[in-house]
Number of protein chains: 2
Amino acid sequence: MDTTQRTEQQRSADRRRRELLEAADRVVLREGPHASMNAIAAEAGITKPILYRHFGDKGGLYAALAQRHTDALLDSLRAALDAPAERRRRVEATLDTYLAAIEARPQVYRFLMHPAEGAPAPGDQGEQGFDVGKHSAPLLRRMGEELAQVIEERLDLGPAGQRLARVWGHGIVGMMHAAGDWWLGERPCSRAELVHGLADLLWGRLAVAGDRAGGPGF
Amino acid sequence: MDTTQRTEQQRSADRRRRELLEAADRVVLREGPHASMNAIAAEAGITKPILYRHFGDKGGLYAALAQRHTDALLDSLRAALDAPAERRRRVEATLDTYLAAIEARPQVYRFLMHPAEGAPAPGDQGEQGFDVGKHSAPLLRRMGEELAQVIEERLDLGPAGQRLARVWGHGIVGMMHAAGDWWLGERPCSRAELVHGLADLLWGRLAVAGDRAGGPGF
DNA sequence: ACCCGGTGTTACTTACGGTAACACCGAGTC
DNA sequence: GACTCGGTGTTACCGTAAGTAACACCGGGT
């Protein structure tokens, strides 16, 4: 098991794996998250068992596929978050980066948000509580944690700062996600307007807005 | 086809439908969203074709099931939103109501958020764009729209108020959802702390928080 | 006596995830 | 040169679950 040989084999396997992932990517982009293993294998010019040898099961393949895209998106978001500008500009840039991404490739986005569709696993006994709470798309969790870390590093939030940063990280990511999802479906306004509206929300405009005439107030 | 007879038949059918829904509810609560149509039929003491006669397909059954729970949850939320108290208290009460609901019955919650698992429909040709944007759980959309309406009715947000209210409605709901999902999975703090943290976020504490020493600022 | 709509059944088809068993092939070894 | 060995590939199969005929029973109206 000397290093060079192992590397040789691994490089071959890794190249193959990348090819398979690219084929899977094409199929998922074309047919959506319901793409069958047969279809993916056909696209790659091979048959099912090979896919299973490489990825274990459908969940494994989808996880590998999702991680590629998740990593790419997170890199973009980090860049926007780290840009040299004032706080509000950075928040807006990050929101806009996310929205631009899901706008540009909605299929990828949809796949990332619903990767757990298949794979109930035949021998499913156990875990009666069926992973409540962990069901969210890994992308959302990762984005939430990432943002939480940035917030905690840079903001002085007092003694309970760490907990608060995580609450905010996940909350802001969820806000971005849900608003983006709705916006993508209905296109009720321009991207810039959406970004501005969300930033206003985060900047506390909800708290200071005046009551409307005639109502009991909000 | 006189009215009384029709009503007679309909009432019988409706009662049956409710019974079936309750059986389905028990199974879904016990086995999660992967419950098979066979299992549901067995729980109801009948066989599959009857389910299909009543609900069309699995998606139909799940939609009917989801609507019951969604309606119930929305009623609670409306009550919290309409309570006579100042704005911040009401926001906190609404957040707390939602979190209490998902905490009390996580299985229901999980089911509501992922109702579209099955039903790719065999004759799936067409809709190549596969409903991007509409994939979200109907519950999230309904909550977003509902909140948007309340905001728009009660707050004076200037000329673009309507659009802004919808952006905020969906954004806030998404924030609540993602934070609640994360919280339910990790239980990093008490419910009250979470509520307080999210309300602080909505009240603009992000904007006014001080930079941490040593960093370039957020 | 006869039909008819509603409720129910059994038995089937189709599709898909996943697996077992076998075939080929190139590289290193005696 | 025959021989094993790991990797790549195949065909053929199993189990499960959605969805669909086709048939059976039963009560009431004509």
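Chain naming here is simple, since letters A, B, ... match the order of the sequence lines and numbering starts at 1 in each. Values reported hereafter were calculated over all heavy atoms of this structure, with side chains retained and with hydrogens, waters and symmetry mates removed.
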Original post:
Of the candidate nucleotides D:dA21, C:dA20, C:dG8, which contains the atom at the shortest distance from the side chain of A:Pro49?
Top reply: C:dA20

Original post:
Would you say the side chain of B:Trp168 lies within less than 4.5 Å of the side chain of B:Glu152, judging by non-hydrogen atoms?
Top reply: no

**OP:** When you get a sec, tell me which of D:dA18, D:dG9, D:dG19 is the closest nucleotide to the side chain of B:Asp57?
**Re:** D:dG19

Original post:
Taking only side-chain nitrogens and oxygens of A:Thr47, does any of them come within less than 4.0 Å of OP1 or OP2 of D:dT10?
Top reply: yes

Subject >> Rounded distance in Å - CE (A:Met37) to P (C:dT19) >> reply: 10 Å

**OP:** Send over the distance from B:Asn38 CG to D:dA18 C1', rounded to a whole Å.
**Re:** 9 Å

Original post:
On a plain distance test, is the side chain of A:Lys58 in donor-acceptor contact with the base of C:dG18 below 3.5 Å?
Top reply: no

Original post:
Does the side chain of B:Val167 come within less than 4.5 Å of A:Leu201's, by heavy atoms?
Top reply: no

Subject >> Whole-Å gap separating P (C:dT10) and CD1 (B:Ile50) >> reply: 10 Å

Original post:
Separation of A:Arg17 atom CZ from D:dG7 atom P, in whole Å?
Top reply: 15 Å

Original post:
Side-chain N or O of B:Arg16 less than 4.0 angstrom from OP1 or OP2 on C:dG8?
Top reply: yes

**OP:** Check the distance between D:dG7's P and A:Arg15's CZ and give it to me in whole angstrom.
**Re:** 15 Å

**OP:** State, with a plain yes or no, whether a side-chain heavy atom of A:Arg205 is found less than 4.5 Å away from one of B:Leu157.
**Re:** yes

Original post:
What nucleotide among D:dG19, D:dT10, C:dG18 has an atom nearest to a side-chain atom of B:Tyr52?
Top reply: D:dG19

Original post:
Is any side-chain heavy atom of B:Phe111 closer than 4.5 Å to a side-chain heavy atom of B:Tyr62?
Top reply: yes

Original post:
Distance check: side-chain N/O of B:Arg53 vs OP1/OP2 of C:dT9, anything under 4.0 Å?
Top reply: no

Original post:
For A:Asp96 and A:Arg89, what are the C-alpha separation, side-chain angles and deciding distance, and is it a salt bridge (Lys or Arg N to Asp or Glu O under 4.0 Å)?
Top reply: CA-CA 10 Å; A:Asp96 193 65; A:Arg89 281 270 177 271; over 6 Å; no

Original post:
Whole-Å distance between C:dG17 P and A:Ile40 CD1?
Top reply: 8 Å

Original post:
C:dT10 C1' sits how many Å from B:Ile46 CD1, rounded?
Top reply: 15 Å

Original post:
Taking atom P of D:dA17 as reference, at what distance in whole Å does atom CG of B:Leu51 sit?
Top reply: 15 Å

Original post:
Of B:His54 and A:Lys48, whose closest DNA chain C nucleotide lies nearer the 5' terminus?
Top reply: B:His54

